[in-house]
Amino acid sequence: MSPRSASVNEELRRRSRERLLQAAVELVDERGFEATTLGDIADRAGSARGLVSYYFTGKRQLVQSAVHRLMHRTLEEALEREPRTEDGRERLARAIDAILGLARERPVLMRQHMAGLLHEEGFVQCPEQRRLSELLGDTIARSGAEDVTAGYPMLRALLMGAVYAALVPGVPMPIPVLRAELFERYGLDGELGLPTSGDPCRGDLSRFFATERQPDDRGE
């Protein structure tokens with residue numbers, strides 16, 4: 001058997017990293033951060049435990065990257081949902097609803113994420129976080145913000161604050177109240193966006209961690 005090509009090796013690495021990200025969000029969502037070990041994540045992903053350190057410096061970086069992936073893919077899905085629109089105000093409303101929806105549907109995961117951001121290791125820069133930043137920056141720009149440079153960090157701060165307020169144990173604020181406050185802040189009609197109602201929808205997460213491309217292991 002001839003050696004695998006560089007492109008095949010790259011695809012296999014991509015798939016391995018995707019499986020680790022998916023396993024991380026699933027396990028932390030089920031058990032919480034402290035009760036989840038890197039070994040648990042590797043086992044769920046079907047990866048060698050030493051492979052985790054090839055991609056990530058530690059559990060916090062892995063979990064932050066995994067949650068940022070979930071956030072940016074959730075945001076992408078909301079922005080591209082039918083009927084698709086280029087209307088900036090509708091897209092901003094969808095973005096707000098998408099992030100608040102994660103707080104509603106994945107409270108354990110998002111609470112752990114917010115706590116991790118306040119840890120001494122701080123905010124992890126990663127490809128997933130950069131993509132989330134790009135999407136939010138584009139959203140605030142399309143909404144008609146006069147100063148996008150200042151508008152993006154303000155939107156990020158307001159969304160983070162709303163998620164935090166929704167998840168504070170013992171004194172959570174209702175998500176509809178937080179939504180109304182954010183919509184008023186940006187002058188958005190309440191009929192815009194993707195408001196949720198009824199019980200939280202905890203669907204399969206695999207669509208956010210696609211590994212569908214099949215590499216040719218035979219090499220060239």
Side-chain angles (χ1 to χ4, degrees), residues 14 17-26 28-29 33 55-81 84-86 88-119 121-143 145 147-167 175 178-179 182-183 185-186 188 193-194 196 203 205-211:
R14 184 193 70 82
R17 188 176 186 277
E18 293 282 314
R19 287 194 296 268
L20 289 169
L21 291 170
Q22 181 176 344
V25 294
E26 289 176 347
V28 173
D29 194 39
F33 182 82
Y55 299 107
F56 306 98
T57 59
K59 186 169 68 168
R60 288 194 183 279
Q61 186 197 30
L62 168 53
V63 172
Q64 271 201 44
S65 295
V67 177
H68 281 138
R69 164 61 66 84
L70 177 61
M71 291 173 72
H72 90 62
R73 286 285 177 86
T74 299
L75 184 53
E76 283 178 334
E77 188 175 84
L79 293 174
E80 298 306 313
R81 181 173 172 173
R84 295 183 63 182
T85 179
E86 297 301 316
R89 299 174 70 76
E90 167 65 18
R91 291 175 70 86
L92 178 56
R94 290 187 185 190
I96 292 170
D97 283 338
I99 301 304
L100 290 180
L102 282 174
R104 180 173 178 271
E105 295 168 12
R106 306 282 171 182
V108 173
L109 184 65
M110 295 304 291
R111 188 178 294 120
Q112 297 292 331
H113 178 61
M114 297 303 294
L117 295 178
L118 296 175
H119 191 267
E121 293 179 25
F123 199 71
V124 173
Q125 299 289 338
C126 60
E128 287 73 26
Q129 186 278 324
R130 287 193 291 273
R131 180 56 181 154
L132 178 61
S133 173
E134 290 169 359
L135 285 170
L136 288 176
D138 179 70
T139 298
I140 199 67
R142 294 191 191 205
S143 73
D147 185 351
V148 176
T149 302
Y152 158 65
M154 178 57 70
L155 174 62
R156 181 184 64 195
L158 290 169
L159 289 173
M160 290 173 66
V163 170
Y164 179 85
L167 298 176
I175 285 179
L178 294 165
R179 179 182 192 265
L182 287 170
F183 273 46
R185 166 70 171 74
Y186 286 103
L188 302 174
L194 306 167
T196 57
L205 294 173
S206 61
R207 71 185 187 280
F208 298 116
F209 302 90
T211 58

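The model shown is predicted, which means the values in this text are computed figures rather than measured ones.
Put simply, the side chain of Gln22 reaches to within 4.5 Å of the side chain of Ser206, judged on heavy atoms. Using a 4.5 Å heavy-atom cutoff, the side chains of Arg106 and Leu205 are in contact. By the 4.5 Å heavy-atom criterion applied to side chains, Val25 and Val63 are not counted as neighbours.
For Gln61, the side chain to side chain contact (heavy atoms under 4.5 Å, CB included) test picks out Phe56, Thr57, Ser65, Val124, with sequence neighbours left out. For Arg111, the side chain to side chain contact (heavy atoms under 4.5 Å, CB included) criterion is met by Pro107, Leu167, Pro169, not counting sequence neighbours. Take Arg179 and apply the side chain to side chain contact (heavy atoms under 4.5 Å, CB included) test, not counting sequence neighbours, and it matches Asp97, Leu100, Phe183, Pro195. With sequence neighbours left out, the side-chain hydrogen bond (donor to acceptor under 3.5 Å, both in side chains) criterion links Glu77 to Arg207. For Pro127, the side chain to side chain contact (heavy atoms under 4.5 Å, CB included) partners two or more places apart in sequence, or in a different chain, are Arg17, Arg130. The side-chain hydrogen bond (donor to acceptor under 3.5 Å, both in side chains) check on Gln129 picks up nothing, with sequence neighbours excluded. Phe123 is linked by a ring pair (Phe, Tyr, Trp, His ring centres under 6.0 Å) to His68, counting only residues two or more places apart in sequence or in another chain.
Applying the salt bridge (Lys or Arg N to Asp or Glu O under 4.0 Å) test to every pair with at least one member in residues 62-73, sequence neighbours left out, gives these pairs: Glu18-Arg69, Arg69-Glu128, Arg73-Glu76.
The distance from atom CE of Met71 to atom CD of Gln64, rounded to the nearest 0.5 Å, is 10.5 Å. Considering CG of Asp138 and CG of Leu92, their distance stands at 11.5 Å, rounded to 0.5 Å. The structure places OG1 of Thr74 at 9.5 Å from NE2 of His72, a figure rounded to the nearest 0.5 Å. Between Ile96 atom CD1 and Leu75 atom CG the span is 11.0 Å, to the nearest 0.5 Å. Separating the CG atom in Leu21 from the OH atom in Tyr55 is a distance of 10.0 Å, to the nearest 0.5 Å.
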Show me the donor-acceptor pairs, under 3.5 Å and distance only, between side chains in residues 153-162 and residues at least two apart or in other chains.
residue, atom, partner, partner atom, Å
Arg156, NH1, Tyr152, OH, 3.4

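At distances below 3.5 Å, not a single donor-acceptor pair connects side-chain atoms of Arg94 with backbone N or O atoms of Leu194.
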